[in-house]
Amino acid sequence: GIAALIVLGRLLLPRLLMEAAGRGGEGSPEVLLVLSAALALGAAMLTSQLGFSAELGAFLAGFLLASTPFRHQISGQLAPMRDLLMAVFFTVVGLKMDLQAVVAHWWILALALPALLLLKAAVIALVTWAGGATAPVAALCGLALCQAGEFTLVILAVAADQSILDADTRALLIALVVLSLILTPTLYGLAHRVRPFFARVPTASWIGASAPWRRGPPVPAGDAGTPARHVIIAGFGIVGRNLAEHFAAANIPFTIVELNPATVRRQRRLGRSIVFGDITIPEVLASAGIERADAVILTIPDDDATMRACRAIREIAPGVFIAVRTTYLSRAIQATELGADHVTVEEVVTAQDMAKQVLARLAQRARQPAAAAPA
């Protein structure tokens, strides 16, 4: 049953989400959000019927959704709900911790907590280093991931239901999980401080120098030794396509953000870097590489979305260059106030271009000989 769920999810889920998003980009974002939540609940119910836990079904649904091109958009839409549910989850976890058991067996926790953290950190760091990562990165991974995972609480609940664990043991283990989670921010900060001490440790000798993760990022032709510039193009209509052609001719790497799933699928077949999602969502911006971008070009024909995007981009990347397209001059002033560095106003450009074209045609007509008068 689990295998069938995974296979059907990989085969049918992208097509189902494509219909929800709308083939021409006219789909409702709410439909995509509701469908994703329904899939998670349905998978949880299915695994419960198969004799597994509901949490396993929800986990598999999230895994399958994360493997689709719509993952960034869904993640951004679910972010407020995720933050709320995470707060509820940790509140419930805290309420389950028996403080009396912690005080009565404090010496057990004092020994078990460092043993858990050290053992997990060592195993994760060693496996990461053996897989080809540098020693500083391996140390960072080990210390950042050495806490007890949330799934431990699910396993403990099942073990208690099956009478495998008594109440005191379960209370101690829950306390161990909670304390390790509380220490996670401290461990993460410690990981960044100890990274330099592992710089002298060589990378695993059995990993070839030609491995993809050992090579540096591609450098545009004719620009050797200079870090590649990166541009984000939001919207891939006529304006976006024209910009992409100019960037490609100049060997400037770019990533496209587009809400039309058909365009996303077609551009991916052409080998272009493209992300499905709303440019106003921080998770979509992060997946497009906003932290390393030199410029963001907003070509979307929606002025309200452009204003929201300017605000979101400027909050995440204060130094990035933002160029936007607006319909009216009043909107251009608003975009500038929200952080846009360059604004192209359609009515102004149209007026200038129309005047140029009309004057050229009138001059051309003036140079032509007058038509012969009728007899």
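Classification of the F254-F247 ring pair by plane angle, with boundaries at 30° and 60°, yields tilted. The aromatic rings of Y188 and H192 sit perpendicular, their planes meeting at an angle over 60°, well past the 30° parallel limit.
Rounded to the nearest 0.5 Å, atoms CG (L183) and CG (L143) are 12.0 Å apart. Separation of atoms CD1 (I316) and CD1 (I313) is listed at 8.0 Å; rounding is to 0.5 Å. A distance of 4.5 Å separates CD1 in I279 from CG in L285, rounded to the nearest 0.5 Å.
With hydrophobic clusters built from ILVMFWY side chains whose heavy atoms lie under 4.5 angstrom apart, V343 shares a cluster with V348. I233 and I300 fall into different hydrophobic clusters, where Ile, Leu, Val, Met, Phe, Trp and Tyr are joined by side-chain heavy atoms under 4.5 Å apart, directly or via other members. L173 and L118 are not part of a single hydrophobic cluster, where members link through side-chain heavy atoms under 4.5 Å apart. Both F63 and L85 are assigned to one and the same hydrophobic cluster, defined by single-linkage of ILVMFWY side chains at heavy-atom distances under 4.5 Å.
Exactly one of L338, D341, V296 qualifies for a side chain to side chain contact (heavy atoms under 4.5 Å, CB included) with R314. That residue is D341. Partner of I174 under the side chain to side chain contact (heavy atoms under 4.5 Å, CB included) criterion, out of L172, V178, V177: V178 alone.
Dense packing is recorded around CD of E347, with more than 12 heavy atoms of other residues, nucleotides or ligands lying under 6.0 Å away. Within a 6.0 Å sphere centred on CG of L11, other residues, nucleotides and ligands contribute more than 12 heavy atoms. The environment of OH in Y328 is sparse: at most 12 heavy-atom neighbours from other residues, nucleotides or ligands sit within 6.0 Å. By the 6.0 Å contact criterion, CZ on F321 is enclosed, its count of non-hydrogen atoms from other residues, nucleotides or ligands being greater than 12.
When all heavy atoms are compared, the tightest approach of V102 to A175 is CG2-CB, 3.5 Å. V345 and T327 make their closest contact through CG1-O, 3.9 Å (heavy atoms, listed as atom of the first residue, atom of the second, distance). When all heavy atoms of L243 and I297 are compared, the closest pair comes out as CD1-CG2, 3.4 Å. Residue A43 comes nearest to A61 through the heavy atom pair CB-CB, 3.9 Å, listed as atom of the first residue, atom of the second, then distance. Pairing each heavy atom of L5 with each of T47, the nearest pair is CD2-CG2, 4.3 Å. Minimum heavy-atom separation, A288 to V257: CB-CG2, 3.8 Å.
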Can you check side-chain contact (heavy atoms from CB on, under 4.5 Å) on K120 and Q147, steps first, answer last? CA-CA 8 Å; K120 284 196 67 176; Q147 70 279 357; 6.0 Å; no
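Using a distance-only test at 3.5 Å, with no hydrogens or angles considered, a donor-acceptor pair links the side chain of R71 to the main chain of T68. Distance alone, capped at 3.5 Å, places no donor-acceptor pair between the W129 side chain and the V137 backbone. Not one N or O on the side chain of D278 forms a donor-acceptor pair closer than 3.5 Å with the backbone of I281. Listed for the E258 side chain is a donor-acceptor partner under 3.5 Å among the backbone atoms of N260. In this structure, the side chain of R268 engages the main chain of I274 through a donor-acceptor pair within 3.5 Å.
With contacts defined as side-chain heavy-atom distances shorter than 4.5 Å, the pair R15/E19 does not qualify.
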